[in-house]
Amino acid sequence: MVSIFKKEIRAYFTQMTGYLFLMFMILLTGIYFALYCVYAQSPQYQAVLSGVTIVFFIMIPTLTMRLFAEEVRHKTDQLLYTSPLSVGKIVIGKFLAATALFLFGLLITGLFPLLLSRYGSLPTGQIMGAFFGFFLLGASFIAVGLFISVLTDNQIISAVATFAVLFVFFMMDFIAISMPATTLASLVFLALIILGVAFVMYNSTKNVFAAAAVALVGFLAAGGIYLYNNLIFDGFIIKTLQWFSLYSRYGYFVNGIMNTSDVVYYVTFALVFIYLTVNVIEKRRWR
């Protein structure tokens with residue numbers, strides 16, 4: 001895993017990707033810092049980090065588009081997958097390399113509030129919370145980009161697809177409030193989720209009976225809950241989509257509120273996409 005990590009870090013800085021990533025991140029953060037803090041004469045640096053989340057749409061696809069797509073395009077993926085390292089260690093090594101570069105850029109931007117602190121007191125708790133939340137949000141999106149990169153051998157397609165998925169996550173709250181809140185719509189939505197989970201089970205195990213069992217248990221559980229209290233399904237679509245909103249959880253960190261549940265959510269979110277990446281590679285490896 002360490003060798004993969006070093007290889008990826010070296011690749012970022014032997015090419016222009018790492019330098020462009022850091023330059024763009026620092027430049028955009030500096031612009032927001034000048035507008036939100038210097039010109040506005042405000043110590044609220046956490047507002048800068050809230051505004052600069054727009055960089056994820058450009059930075060994360062740039063950071064992750066080459067992780068696996070380049071390996072497939074250059075036909076070096078077979079050498080990688082037949083190495084003594086496990087697939088899990090390969091994936092984690094690539095993920096940690098991209099996350100380390102992101103963290104390095106974030107630490108550099110930490111110089112801005114230090115400069116600001118020379119001219120007055122700062123809301124330290126809120127700023128530290130915003131930094132921590134920003135890192136968790138970025139790491140979660142890197143895991144998404146890592147997964148998308150393994151699905152294609154074209155870096156441009158990988159970058160565009162990652163941008164699209166991140167944009168959907170950004171718009172999740174707006175999408176949620178536009179969804180119907182009726183019980184019927186909620187039941188249809190839940191049925192699609194159950195079928196989707198059953199499909200994932202079948203796709204992972206190739207066991208029709210296991211997938212059917214998952215679907216049956218899901219439908220029976222949903223039916224039981226509906227008979228017990230059908231009011232639970234009112235607004236189920238809205239609540240579910242809002243639960244997947246990563247940006248709304250980031251708002252708590254900006255306000256200096258660091259809930260353990262939100263930290264666990266971000267870590268679990270990243271681990272799920274890392275697992276999906278490993279699963280895709282394992283299936284391709286044994287094919």
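Quick caveat: nothing in here was measured; it's all calculated off a predicted structure. Positions are given from 1 along the sequence.
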Reported CZ-to-CD1 distance for the pair Phe95 and Ile274, which is rounded to 0.5 angstrom: 4.5 Å
Among Leu63, Ile142, Thr64, Ile157, the one residue meeting side-chain contact (heavy atoms from CB on, under 4.5 Å) with Thr162: Thr64
Phe132 and Leu137, any side-chain heavy atoms less than 4.5 Å apart: no
Tyr19/Phe24 under side-chain contact (heavy atoms from CB on, under 4.5 Å): CA gap, chis, key distance, verdict: CA-CA 8 Å; Tyr19 298 104; Phe24 184 79; over 6 Å; no
Contact list for residues 255-264, test salt bridge (charged side-chain N to carboxylate O under 4.0 Å, His left out), sequence neighbours left out: Arg249-Asp262
Step-by-step side-chain contact (heavy atoms from CB on, under 4.5 Å) determination, Phe102 to Met25: CA-CA 9 Å; Phe102 170 71; Met25 183 175 183; 4.0 Å; yes
Within 6.0 angstrom of Phe13 CZ, more than 12 heavy atoms from elsewhere: yes
Minimum-distance pair of heavy atoms, taken over all atoms of Ala270 and Ser140: CB-CA, 4.3 Å
Derivation of the side-chain contact (heavy atoms from CB on, under 4.5 Å) call for Thr62 and Leu20: CA-CA 9 Å; Thr62 303; Leu20 290 174; 5.7 Å; no
Check: Ser158 and Val150 side chains under 4.5 Å, non-hydrogen atoms: no
Thr29 (side chain) donor-acceptor with Ile26 (main chain) under 3.5 angstrom: no
Heavy-atom neighbours of Phe104 CZ exceed 12 at 6.0 Å: no
Interatomic distance, Phe5 atom CZ to Thr99 atom OG1 [nearest 0.5 angstrom]: 9.0 Å
Cluster check Leu216, Leu195: I/L/V/M/F/W/Y, side chain < 4.5 angstrom: no
Single-linkage hydrophobic cluster, 4.5 Å side-chain cutoff, Phe135 and Met59 together: yes
Test item: Pro113 and Phe33 side chains (from C-beta on) under 4.5 Å apart, heavy atoms: no
Shared hydrophobic cluster for Met128 and Leu103 (ILVMFWY, side-chain gaps under 4.5 Å): no
Phe269/Phe273 aromatic ring centres below 6.0 Å: yes
Intermediate values then yes/no, side-chain contact (heavy atoms from CB on, under 4.5 Å), Leu101 and Leu22: CA-CA 8 Å; Leu101 182 61; Leu22 293 174; 4.1 Å; yes
Validation row, ring centre Phe163 to ring centre Phe170 under 6.0 Å: no
Minimum side-chain heavy-atom gap Ile148-Val144 below 4.5 Å: yes
ILVMFWY network linking Phe147 to Ile92, side-chain heavy atoms under 4.5 angstrom: yes
Side-chain donor/acceptor of Tyr266 to backbone N/O of Tyr250, under 3.5 Å: yes
Phe253 vs Leu136 side-chain heavy atoms within contact, under 4.5 Å: yes
Rounded distance (nearest 0.5 Å) linking atom OG1 of Thr14 with atom CZ of Arg10: 8.0 Å
Linked, directly or transitively: Phe167 and Ile156 (ILVMFWY side chains, under 4.5 Å): no
Tyr252 atom OH, over 12 foreign heavy atoms within 6.0 Å: no
